[in-house]
Amino acid sequence: MSGSQADKMAKIVSLCKRRGFIFQSSEIYGGLNSCYDYGPLGAELKSRVKSLWMDSMLREHENIKALDSSILMHPKIWEASGHVSNFTDPLVDCRTCKARFRADQLDLSSCPKKPSKKPGECEGEFTEARQFNLMFRTFMGPLQDESAVVFLRPETAQGIYVNFLNVMTSSRQKIPFGIAQIGKAFRNEITPGNFIFRMREFEQMEMQYFVKPGEDMASFEEWKEKRMQWHLAMGIRKEKLRFHEHGPKELAHYAKAAFDIQYEFPFGWQEIEGIHHRSDFDLKQHEKFSGKRLSVHDVDTKESYTPFVVETSVGCDRALLTLMVDAYGEEQVEAKEGEEGGQRVVLRFSPRVAPVQLAVFPLLKKPELQERARKIHQDLKKTYRLEFDESGSIGKRYRRVDEIGVLSAVTVDFETDSVTVRDRDSMKQERVGVEQLPAYLAERLIT
Ligand code: ATP
């Protein structure tokens, strides 16, 4: 990462802490590496991301149903899925400083002793690479022996496969149909990092679409396109998004095709979502390991078959980091019309994403203005995510709302029948009649 890009990441991390988006987990105990807590604005933003994702699945498709499966599942599930034997990354130790690195991602790490160097560029010498399983193990019940071992799920998808028939029959679905789930996943990553990009506890938003063999590739193409459109609809700049096709070496042995959606972070182009053609691998494996049939019967054609699966899998935290990075901007501002001169930091969230859309300010702390501002706040509260702020100069309040991405600020002054509305991006101020305010805001904030 170049100096200025590293600087940008550091500024985003610091903004996230200062304004209550994201805190290091267990901070007062020195922090727990790779785990993060979402503060008031982060929790609101994350809930926006999740509901916009779930809506794009459930509200736009009658044949997609929700699921919320448990984190702890039967340990055989992870044998069937291949995670017990194959969910590994190659690990190397540095013989000099004893640090451990992912052998295939040395270029993304730095030497702990000489942070300006990549591992291997220092005098360090590596051990032979060995495979390290990324699943967290724990015990279920009072016995702590091998028979009680369970895993924290490393992905939410398996909960969907094992519930495939339950969902299909209970919601009277026919192929093709999908199951959408949001939930926590855990991976004991060798080298977590880049803030919330690679964590050990994170959240996934996964949808598995079950299709008839033969209709699979058309469905794969459709989902690839729909998922790219979702990121664009979140307001992410088009030029910062691209597809990356998995080549033969990256492709799982059972997969027919796989694409990642990548975003250009300050630390380079990285995956934010995977769209995978998983064939009938998972359902067949669970049939084999559970002894239960997981096929469907088509009453019209009288054939029985195991559906193929098209998976879309996006990390909620990575989607949120994408939003933060893409929205972050700095610019020089001239002092005028209540604006403070100097540098302003602004998060240019789109109206549907912004954790706070609108702010209401009384110009001064005078009861008459405070009362009228409170009334406007009260009236708009049901429609928008709002903030009320009466402390500090107007210029300071504008800066405060800019850096959390608030789209419009309404200032109540001595004119009783109108207010000033200031736009975050253009910083233009307009006089709007109190009566016209709801319609004026609806035009700008309801998308
Ligand atoms: P990577 O190559 O970055 O390790 P992956 O290919 O293992 O990712 P998948 O198993 O396809 O990732 O998981 C689907 C999505 O879950 C990813 O696109 C990413 O958004 C998210 N994800 C995976 N691992 C992590 C993690 N450690 N921290 C945060 N999000 C993650």
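Order of appearance sets the numbers: ligands from 1, and atoms from 1 within every ligand. These values consider heavy atoms only, across backbone and side chains, with no hydrogens, waters or symmetry-generated copies. These numbers were taken from a predicted model, which means no experiment stands behind them.
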Can you tell me if Ile272 has a non-hydrogen atom under 4.0 Å from ligand 1? yes

For [X], take its heavy atoms, then give the atoms of ligand 1 lying under 4.0 Å from any of them.
X	answer
His276	11 (O)
Glu189	24 (N), 26 (C), 27 (N)
Ser313	13 (O), 14 (C), 15 (C), 18 (O)
Glu273	18 (O)
Met199	26 (C), 27 (N), 28 (N), 29 (C)
Phe197	28 (N), 29 (C), 30 (N)

Contact check: Phe202 vs ligand 1, nitrogen or oxygen atoms, below 3.5 angstrom: no

Just distances here: any N/O of Gly315 and N/O of ligand 1 closer than 3.5 Å? yes

Do [X] and [Y] have side-chain atoms, one donor and one acceptor, less than 3.5 Å apart?
X	Y	result
Arg352	Ser350	no
Glu311	Ser313	no
Tyr254	Asp280	no
Ser426	Asp423	yes
Tyr161	Gln208	yes
His61	Lys226	yes
Tyr398	Arg422	no

Got the closest protein heavy atom to [atom], with its distance?
atom	answer
atom 2 (O) of ligand 1	Glu271 OE1, 3.8 Å
atom 19 (C) of ligand 1	Arg318 NH1, 3.4 Å
atom 16 (O) of ligand 1	Gln204 NE2, 3.3 Å

Closest to atom 23 (C) of ligand 1 among Met205, Arg187, Glu311 (heavy-atom distance): Arg187

Have a look at ligand 1 and work out which part of Arg198, if any, has a heavy atom under 4.0 Å from it: side chain, backbone, both or neither.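 The answer is both, backbone and side chain.
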
Quick check on Asp145: does its CG atom have over 12 non-hydrogen neighbours (other residues, nucleotides or ligands) under 6.0 Å away? yes

From the options His286, His83, Arg153, select the one residue that forms a side chain to side chain donor-acceptor pair (under 3.5 Å) with Gln158.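 So the option named by the test is His286.
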
